Amino acid sequence: MVSVTSVLKAVTLFVAELISSITDWFQSEPGWAKLEELEETELKTTGGVHERHTAKTLWDKTGAVVMVVRRPGCILCREEAAELSSLKSQLQDLGVPLFAVVKENLGKELDFFKKYFSGRVYVDQMVGLYIFLGFRELSNMNIWRAYRRGFSGNLRGEGLVLGGVFVIGPGDQGILLEHREKEFGDKVNLLAVLRTARKTKDHVAR
């Protein structure tokens, strides 16, 4: 007898393949990010009072690690959010804050996402931080990797535009690390994030 779990896995694989075939039509090769274009992006705070800030305020004085989230309900995004959050104490020692940016405020979706991410979360409704990230394909292996590790997710919200991670230095130091997802669940190297974050501290100390 076929179990419910087996049926759900088969359906999930079918949906994954369908999404992958659709995104193949939209694949593009975006250019590398330009700091002057990123820093003027308007971001809105989440939670209680909704304030507006330019993205530059996130990193201008101290530098920052910024996770640009493909979709807060995505199982793979939650996995990467948890892994980046494991660096928070080390980043705090360096004086480098950790932020996340989403393109939609879906209410409870953000509340659930914040259970995995320990930094502040902002909304980029004009997708100014996403324009360099483009479209790519979905990897079933990445989904099962996160599923086996106990992560869960859903399909709510826009999910075709990929995410990434930036490490941006203070002042005029610029973009020090730019990780753009090549496929869904293509995670940033955590050691590279820490090594790059140390460069921001060296810059501030001068």
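Keep in mind that what you see is a predicted model, and the values were worked out from it rather than measured.
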**Q** Counting N and O atoms only, with roles assigned by atom type, does the side chain of Lys103 sit under 3.5 Å from a partner on the main chain of Arg70, one being a donor and the other an acceptor?
**A** yes
**Q** If you compare all heavy atoms of Leu110 against all heavy atoms of Asn105, which two are closest, and at what distance to 0.1 Å?
**A** CD1-OD1, 3.2 Å
**Q** Could you tell me which non-hydrogen atom of Tyr116 sits nearest to which non-hydrogen atom of Phe112, and how far apart they are?
**A** CD1-O, 3.3 Å
**Q** Leu94 versus Arg198: any side-chain heavy-atom pair under 4.5 Å?
**A** yes
**Q** Main chain of Val101, side chain of Asp124: is a donor-acceptor contact present, judged purely on distance under 3.5 Å?
**A** no
**Q** Is there a side-chain contact between Met126 and Glu42 (heavy atoms, below 4.5 Å)?
**A** no
**Q** Taking the side chain as C-beta and beyond, is there a heavy-atom pair between Trp59 and Leu38 under 4.5 Å?
**A** yes
**Q** Please give me the minimum heavy-atom distance between Phe113 and Pro72, naming the atom from each residue.
**A** CD1-O, 3.6 Å
**Q** Any sub-3.5 Å donor-acceptor pair from Ser85's side-chain atoms to Ser118's backbone N or O?
**A** yes
**Q** Can you tell me how far apart CZ (Arg120) and NZ (Lys114) are? Round to the nearest 0.5 Å.
**A** 10.5 Å
**Q** Going by the side chain to side chain contact (heavy atoms under 4.5 Å, CB included) test, name the single residue among Leu58, Thr54, Val121 that passes it with Leu43.
**A** Leu58
**Q** With distance as the sole test, does Glu181 use its side chain to make a donor-acceptor pair with the main-chain N or O of Gly163 at under 3.5 Å?
**A** yes
**Q** Measuring from atom OG1 of Thr45 to atom CD of Glu51, what distance do you get when rounded to the nearest 0.5 angstrom?
**A** 5.0 Å
**Q** To the nearest 0.5 Å, what is the distance between CD on Glu79 and CD on Glu83?
**A** 5.0 Å
**Q** Leu84 and Leu98: which non-hydrogen atoms are nearest, and at how many Å?
**A** O-CD2, 3.7 Å
**Q** Are Leu194 and Leu91 close enough that some pair of their side-chain heavy atoms sits under 4.5 Å apart?
**A** yes
**Q** Give, for atom CG of Leu176 and atom CZ of Phe166, the distance between the pair rounded to the nearest 0.5 Å.
**A** 12.0 Å
**Q** Closest heavy-atom contact between Thr62 and Pro97?
**A** OG1-CD, 3.3 Å
**Q** Just by distance, do the side chain of Glu80 and the backbone of Val188 share a donor-acceptor pair under 3.5 Å?
**A** yes
**Q** Looking at NZ of Lys34 and CD of Glu178, how far apart are the two atoms once the value is rounded to the nearest 0.5 Å?
**A** 11.5 Å
**Q** Does some side-chain heavy atom of Val161 sit less than 4.5 Å from a side-chain heavy atom of Val127?
**A** no
**Q** I'd like to know if the side chain of Gln173 reaches the main chain of Lys199, judged simply by a donor and an acceptor atom lying under 3.5 Å from each other, with no hydrogens or angles considered.
**A** yes
**Q** Would you check, one step at a time, whether the test side chain to side chain contact (heavy atoms under 4.5 Å, CB included) holds for Glu39 with Ile168?
**A** CA-CA 10 Å; Glu39 59 189 11; Ile168 304 176; over 6 Å; no
**Q** With side chains defined as the heavy atoms from C-beta onward, is the minimum distance between Val69 and Phe117 less than 4.5 Å?
**A** no
**Q** Whether the side chain of Thr46 engages the backbone of Val123 through a donor-acceptor N/O pair (distance < 3.5 Å, no angle test) should be reported.
**A** no
**Q** Measuring from atom NZ of Lys56 to atom OG1 of Thr41, what distance do you get when rounded to the nearest 0.5 angstrom?
**A** 12.5 Å
**Q** Is the side chain of His179 donor-acceptor paired with the backbone N or O of Asp186 at a distance under 3.5 Å, no angle test?
**A** yes
